[in-house]
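Notes follow the structure.
Order of the sequence lines fixes the chain letters, A, B, ..., with proteins taken first and strands second; residue numbering starts at 1 for each chain.
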Amino acid sequence: MKTIKVSVVTPDGPVYESDVEMVSTRGKGGELGILPGHIPLVAPLEITSVRLKKNGKTDEVIAVSGGFLEVRPDKVTVLAQAAERASDIDVERAQRAKERAEQRLNQQHQEHIDFKRAEIALKRAMNRITIAEGKF
Amino acid sequence: MASLRDIKTRINSTKKTSQITKAMEMTSAAKWNRAVVNAKSFVPYMEKIQEVTASIAAATKGSSHPMLKARPVKKTGYIVITSDRGLAGAYNSNVIRRVQQEIKKRHQSNDEFAIIAIGRVARDFFAKRGYNVALEYVGVNDQPSFADIKNMASSTVGMFSDGTFDEIYIYYSHYISAISQAVTEKKLLPLSEIATTSKLTSYEFEPSAEEILEVLLPQYAESLIYGALLDSKASEHAARMTAMRNATDNAKELIRNYTLMYNRARQAAITQEITEIVGGAAALE
């Protein structure tokens with residue numbers, strides 16, 4: 001089967017690099033599935049998972065905290081400010097972050113910016129936890 | 001001439017100093033290696049984001065995104081990256097001197113600009129001289145991760161978006177090699193000149209180019225700040241390593257001179273003693 005090169009890069013270095021059959025993820029505009037030979041495309045991503053399919057089954061799931069997807073016919077690049085493979089996620093830390101964010105959300109409804117930030121932090125923590133537990 | 005004991009003390013204390021500088025040189029060398037690796041692993045991300053940003057910016061020529069457009073400058077922000085600690089030769093003073101020169105050239109009053117200080121040395125210097133320090137970030141890790149700098153970078157970019165600053169410059173020490181670093185000035189925002197080195201690809205945009213710029217440009221600006229920080233960290237450790245090596249060499253030279261002096265003094269003392277004994281014996285005859 002035809003494959004396409006995928007690399008996930010963050011400011012702290014590359015996280016994943018391999019050839020896969022299909023990349024699926026969720027962009028701001030909806031679900032995206034990329035197969036080899038896709039036209040050049042750029043799309044911003046949600047705080048979500050990037051699923052990589054190899055040999056007919058899901059090979060790897062990567063948690064991304066926003067960022068971008070850049071597609072060329074022969075290569076897909078995910079540019080995220082933070083990304084981890086499912087196996088590298090620190091679940092305890094995510095759990096703590098989740099609790100912290102929830103506390104903050106319960107406390108203050110006035111401070112607009114803090115509210116928004118806590119919401120994003122909560123989203124990120126939930127994303128990591130669900131991916132680490134294999135429920136995506 | 002100093003007494004024998006004085007010279008001995010001086011040799012000992014210089015030896016101790018050289019042991020310390022030697023140890024500092026070695027720790028800096030280790031940190032420098034890691035810093036260079038960090039800076040290298042950032043390169044693929046930076047190149048890619050630059051390429052994509054350039055392609056999109058070119059494709060949406062005439063886009064009215066505020067980050068791409070120069071506006072009348074009422075207030076300028078200067079990001080200055082230094083280290084937290086000294087003992088790095090001219091590393092910090094070079095950056096600070098350059099910033100001060102530029103400010104003197106461009107501005108008449110202190111209200112026209114503000115400093116965003118990364119590193120204790122820059123913060124202390126500018127705060128002490130009564131400049132406006134809008135934002136400070138001290139206690140930077142030796143191996144900073146993007147998460148460490150994220151908040152600081154996004155508030156800096158936010159200050160441009162909300163109109164606090166109309167342009168932002170960044171000053172840091174660019175790493176060239178272990179023995180050479182150069183102070184660099186970069187215009188961070190507005191992003192008027194995005195280097196377009198490689199061929200541009202024409203992309204489809206999902207959902208729209210404008211919406212992508214909305215997310216991409218802040219991310220790009222933040223990564224420029226992070227890149228500058230990594231670059232200057234590599235410079236810092238290299239500069240400290242060189243400074244400490246020089247200090248160790250100087251200490252060795254001093255010890256050599258003192259030892260020579262010590263031996264001369266010792267010989268002189270012996271000669272004098274012999275002369276005295278011979279003189280005494282001659283007087284008895």
Item to check | Heavy-atom pair count under 4.5 Å with chain B, highest-scoring of Gly30(A), Ala80(A), Ala82(A) | outcome: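 Among the listed options, the one with the most contacts to chain B is Ala80(A).
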Item to check | Greatest number of heavy atom pairs closer than 4.5 Å to chain B - which of Ala43(A), Gly27(A), Pro40(A) | outcome: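 Going by pairs under 4.5 Å, I would pick Pro40(A).
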Checklist entry - Atom CD in Gln81(A), atom CD in Glu222(B): separation rounded to 0.5 Å? => result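 Taking CD in Gln81(A) and CD in Glu222(B), the distance rounds to 5.0 Å.
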Item to check | Interatomic spacing from CD in Glu51(B) to CG in Leu79(A) - rounded to 0.5 Å | outcome: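 CG of Leu79(A) is found 9.5 Å from CD of Glu51(B).
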Checklist entry - Which of residues 89-96 of chain A have a heavy atom under 4.5 Å from any heavy atom of chain B? => result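 Listed by number, there are no contacting residues, so the answer is none.
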Next on the checklist: Counting only non-hydrogen atoms closer than 4.5 Å, does Ser7(A) touch chain B with its backbone (N, CA, C, O), its side chain (CB onward), both, or neither?
Outcome noted: neither
Item to check | Side-chain donor or acceptor of Asp12(A) paired with backbone N/O of Phe146(B) under 3.5 Å | outcome: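 At least one qualifying donor-acceptor pair exists.
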Could you look at [X] and say if it's the side chain, the backbone, both or neither that has a heavy atom under 4.5 Å from chain A?
| X | value |
| --- | --- |
| Val215(B) | both |
| Ser145(B) | both |
| Asn151(B) | side chain |

Crowded around [X] [atom1]? As in, over 12 foreign heavy atoms under 6.0 Å?
| X | atom1 | result |
| --- | --- | --- |
| Ile39(A) | CD1 | yes |
| Lys150(B) | NZ | yes |
| Lys54(A) | NZ | yes |
| Lys40(B) | NZ | no |

Which pair of non-hydrogen atoms, one from [X] and one from [Y], has the smallest distance, and what is that distance?
| X | Y | answer |
| --- | --- | --- |
| Ile212(B) | Pro44(A) | CG1-CD, 3.4 Å |
| Pro11(A) | Phe42(B) | O-CD1, 3.2 Å |
| Pro14(A) | Pro44(B) | CG-CG, 4.4 Å |

Next on the checklist: A side-chain contact here means heavy atoms from C-beta on lying under 4.5 Å apart; do Leu41(A) and Tyr203(B) qualify?
Outcome noted: no
Item to check | Sidechain N-carboxylate O distance under 4.0 Å for Glu204(B), Arg72(A) | outcome: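 The answer is no: the pair does not qualify as a salt bridge.
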Checklist entry - Does Lys28(A) pair with Glu211(B) as a salt bridge, N-O distance under 4.0 Å? => result no
